[in-house]
Amino acid sequence: MRNKSIYPWIVVSLLWVVALLNYMDRQMLSTMQASMKIDITELNKAEAFGALMAIFLWIYGFMSPIAGMIADRFSRKWLIVGSLFVWSAVTFLMGYAKSYNELYWLRAIMGISEALYIPSALSLIADWHRDKSRSLAIGIHMTGLYVGQAIGGFGATAAAMFSWQSTFQWFGIIGIIYSLILIVLLHENPTHILAKEIETKRNPELKKTTLLAGISILFSSWAFWIILFYFAAPSLPGWATKNWLPTLFAENLNIPMSQAGPLSTITIAFSSFIGVIFGGILSDRWVQKNIRGRIYTGAIGLSLTIPALLLLGFGHNLIAVIGAGLLFGIGFGIFDANNMPILCQFVSTKYRSTAYGIMNMIGVFAGAAVTELLGKWSDNGSLGQGFAMLSIIVVAAVFLQLYFLRPQTDNMK
């Protein structure tokens, strides 16, 4: 089955479910504050709730480069399986948490385990898919994240119907079972394994290279520095919408969180789904005619998020807020589908997991900072203004991307 042309798409479908579980398990918490604060009183403060979400991001960020370096050296399949099993077990245990400190440390452990997934998964997909389908394959995988985010938005609804404890427990069980299924069905690309074996035989010194060697090579490239900023800048509004958009919808539209949670997450997930599919197809076709096609596609996506952030910040009626959410989701989806394909134009396959891990770290650190900052702004009644101000840094990212990123190939060897 691994040698058939259909298997690369089976890999995408298998990892799509993992991506769904990845974002669903982390997103549920952002909508269940109202239910959880009854049992855990510290969650009555938005700043404390923001810190609970931020600890996940800080740990996730610190672990991302390490996860990428490990994925470049060892089996990505087993990293994916192990990551899913551990974060699902943590989700299950969160259903038994009795105090804020227990939740805090469980979120920290979840950050460690989830960090192992994205660099390994995107590198694996990029190996199974080449130039004609790479952006679309990665875009389809990213839709799993958006669907997981949308389902996670029903956390408040599920908690209201049952309890927040049982919601965590059942979703954790689902992930544990699926990790066992992946052991049988998920495989590495044999071509990738063979290429690494041949290169190691030709150059035995490769075995002696340290995990830090890849980082040194990456940071010697000016293009990688531009890609880092290009990735980090949109991460500010990206993480802001993941963690604070339900609260913004509730405040701007004056509706309860049980309605704002599903409405906000479904809006972003639906529009992002459209964005990644459109962005993936456009990029794969454009790059066949113009080597900068992926760069231009990503820039179009980011440009759409600029007016969307302004509308999200200052809109106070249903049409304006929902319209802004749809526009942001489409733009961010187009951007999301092209991150790894753009990286592949500048970074060798030997260091892609490491590179994406570093990108993830920078993006997540930006997200952790903005999550805590927006928590303080929310307590002061300035959440909308904070969203609008994030558009400024996105403008800078678009300019730098278009001016400096000029690839010579679509697949750096």
Side-chain angles (χ1 to χ4, degrees), residues 2 8 11-12 14-19 21-23 59-88 109-130 134 137-138 141-142 144-145 179 182-183 185-197 199-200 206-219 221 224 227-228 231 336 339-365 411-413:
R2 277 176 281 177
V11 171
V12 174
L14 289 171
L15 295 182
W16 186 91
V17 178
V18 185
L21 294 170
N22 183 284
Y23 262 55
I59 299 296
Y60 182 92
F62 274 118
M63 279 298 300
S64 289
I66 299 172
M69 289 185 283
I70 294 173
D72 280 331
R73 306 267 299 205
F74 302 103
S75 170
R76 293 167 296 188
K77 167 190 172 175
W78 289 107
L79 286 173
I80 291 168
V81 170
S83 174
L84 173 59
F85 181 88
V86 173
W87 91 59
S88 298
I109 296 171
M110 179 178 281
I112 296 173
S113 57
E114 287 206 7
L116 293 168
Y117 175 67
I118 286 291
S120 299
L122 294 186
S123 177
L124 186 62
I125 292 172
D127 267 356
W128 278 106
H129 290 267
R130 296 300 176 180
R134 181 172 283 160
I138 288 176
H141 171 263
M142 300 305 283
L145 302 179
S179 69
L182 288 182
I183 293 175
L185 298 181
L186 186 64
H187 304 285
E188 288 276 357
N189 188 334
T191 304
H192 174 79
I193 297 173
L194 181 61
K196 289 184 70 174
E197 290 176 351
E199 188 169 7
T200 301
L206 285 175
K207 285 187 175 181
K208 301 178 183 179
T209 57
T210 65
L211 289 176
L212 297 178
I215 292 181
S216 176
I217 292 172
L218 289 169
F219 280 110
S221 167
F224 184 65
I227 292 173
L228 275 182
F231 185 82
D336 240 0
N339 290 330
M340 178 58 88
I342 289 174
L343 187 67
C344 291
Q345 293 183 316
F346 295 94
V347 176
S348 167
T349 183
K350 298 190 293 292
Y351 306 114
R352 283 175 191 166
S353 292
T354 300
Y356 200 88
I358 296 170
M359 289 165 59
N360 225 16
M361 177 186 71
I362 299 300
V364 167
F365 282 172
N411 189 49
M412 182 69 73
K413 300 295 185 182

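The first residue in the sequence is number 1, and the count goes up from there. All values below come from the heavy atoms of this structure, side chains included, with hydrogens, waters and symmetry mates left out. A quick note: this is a predicted structure, and the numbers were derived from the prediction, not measured.
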Checklist entry - Shortest non-hydrogen contact from Val12 to Ala137? => result CG1-O, 3.8 Å

Checklist entry - So do Ile112 and Trp87 actually touch side chain to side chain, heavy atoms under 4.5 Å? => result no

Checklist entry - Mind checking whether Ile118 and Tyr356 have side chains closer than 4.5 Å, heavy atoms only? => result yes

Item to check | Point-to-point distance, once rounded to the nearest 0.5 Å, from CG of Leu218 to CD1 of Ile227 | outcome: 9.5 Å

Item to check | Partner residues of Ser221 under the side-chain hydrogen bond (donor to acceptor under 3.5 Å, both in side chains) criterion, sequence neighbours left out | outcome: none

In a table with atom names and distances, give each donor-acceptor pair under 3.5 Å that connects a side chain of residues 78-86 to protein atoms at least two apart or in another chain.
from	atom 1	to	atom 2	distance (Å)
Ser83	OG	Ser113	O	2.3

Checklist entry - What's the verdict on side chain to side chain contact (heavy atoms under 4.5 Å, CB included) for Val347 and Met412, showing C-alpha distance, side-chain angles and the deciding distance? => result CA-CA 6 Å; Val347 176; Met412 182 69 73; 5.8 Å; no

Next on the checklist: Less than 4.5 Å apart, side chain to side chain, heavy atoms only: is that true for Asn411 and Gln345?
Outcome noted: no

Next on the checklist: A side-chain contact here means heavy atoms from C-beta on lying under 4.5 Å apart; do Asp72 and Lys350 qualify?
Outcome noted: no

Item to check | Phe224 and Phe346, any side-chain heavy atoms less than 4.5 Å apart | outcome: no

Next on the checklist: For Ala126, give me all partners under side-chain contact (heavy atoms from CB on, under 4.5 Å), at least two apart in sequence or on another chain.
Outcome noted: Arg134, Met340, Cys344

Checklist entry - So which heavy atom on Ser353 is nearest to which on Pro119, and how close? => result OG-O, 3.4 Å

Next on the checklist: Taking the side chain as everything from C-beta on, heavy atoms only, tell me whether Leu186 gets closer than 4.5 Å to Leu124.
Outcome noted: yes

Checklist entry - What distance separates Leu145 CG from Trp16 CH2, expressed to the nearest 0.5 Å? => result 10.0 Å

Checklist entry - With a 4.5 Å heavy-atom cut-off, do Thr354 and Met69 have their side chains touching? => result yes

Next on the checklist: As an exercise, state the distance from CD1 of Ile138 to CG of Leu15, rounded to the nearest 0.5 Å.
Outcome noted: 11.0 Å

Item to check | Met361 versus Gly61, closest heavy-atom pair with distance | outcome: CG-O, 2.9 Å

Item to check | Nearest-0.5 Å distance, CD1 of residue Ile70 to OG of residue Ser75 | outcome: 12.0 Å

Checklist entry - What closest approach, in Å, do Trp128 and Asn189 show between heavy atoms, and which atom pair accounts for it? => result CZ2-CA, 3.3 Å

Checklist entry - Between Ile183 and Lys77, which heavy-atom pair has the shortest distance, and what is it? => result O-NZ, 2.7 Å

Checklist entry - In chain order, what residues pass the side-chain hydrogen bond (donor to acceptor under 3.5 Å, both in side chains) check against Asp336, with sequence neighbours excluded? => result Tyr146, Asn339

Next on the checklist: Measuring only between side-chain heavy atoms, which start at C-beta, is Asp127 closer than 4.5 Å to Arg76?
Outcome noted: yes

Item to check | Residues that Tyr23 engages under ring pair (Phe, Tyr, Trp, His ring centres under 6.0 Å), provided they are two or more places apart | outcome: none

Checklist entry - What pairs with Ala115 under side-chain contact (heavy atoms from CB on, under 4.5 Å), at least two apart in sequence or on another chain? => result Tyr60, Met63, Ser64

Next on the checklist: Tell me which pairs pass salt bridge (Lys or Arg N to Asp or Glu O under 4.0 Å) where either residue lies in residues 109-126, with sequence neighbours left out.
Outcome noted: Arg26-Glu114

Checklist outcome for this item: Closest heavy-atom pair, Ala121 versus His141, reported as atoms and distance to 0.1 Å, is CB-NE2, 4.2 Å

Item to check | By ring pair (Phe, Tyr, Trp, His ring centres under 6.0 Å) - contacts of Phe62 (at least two apart) | outcome: Phe365

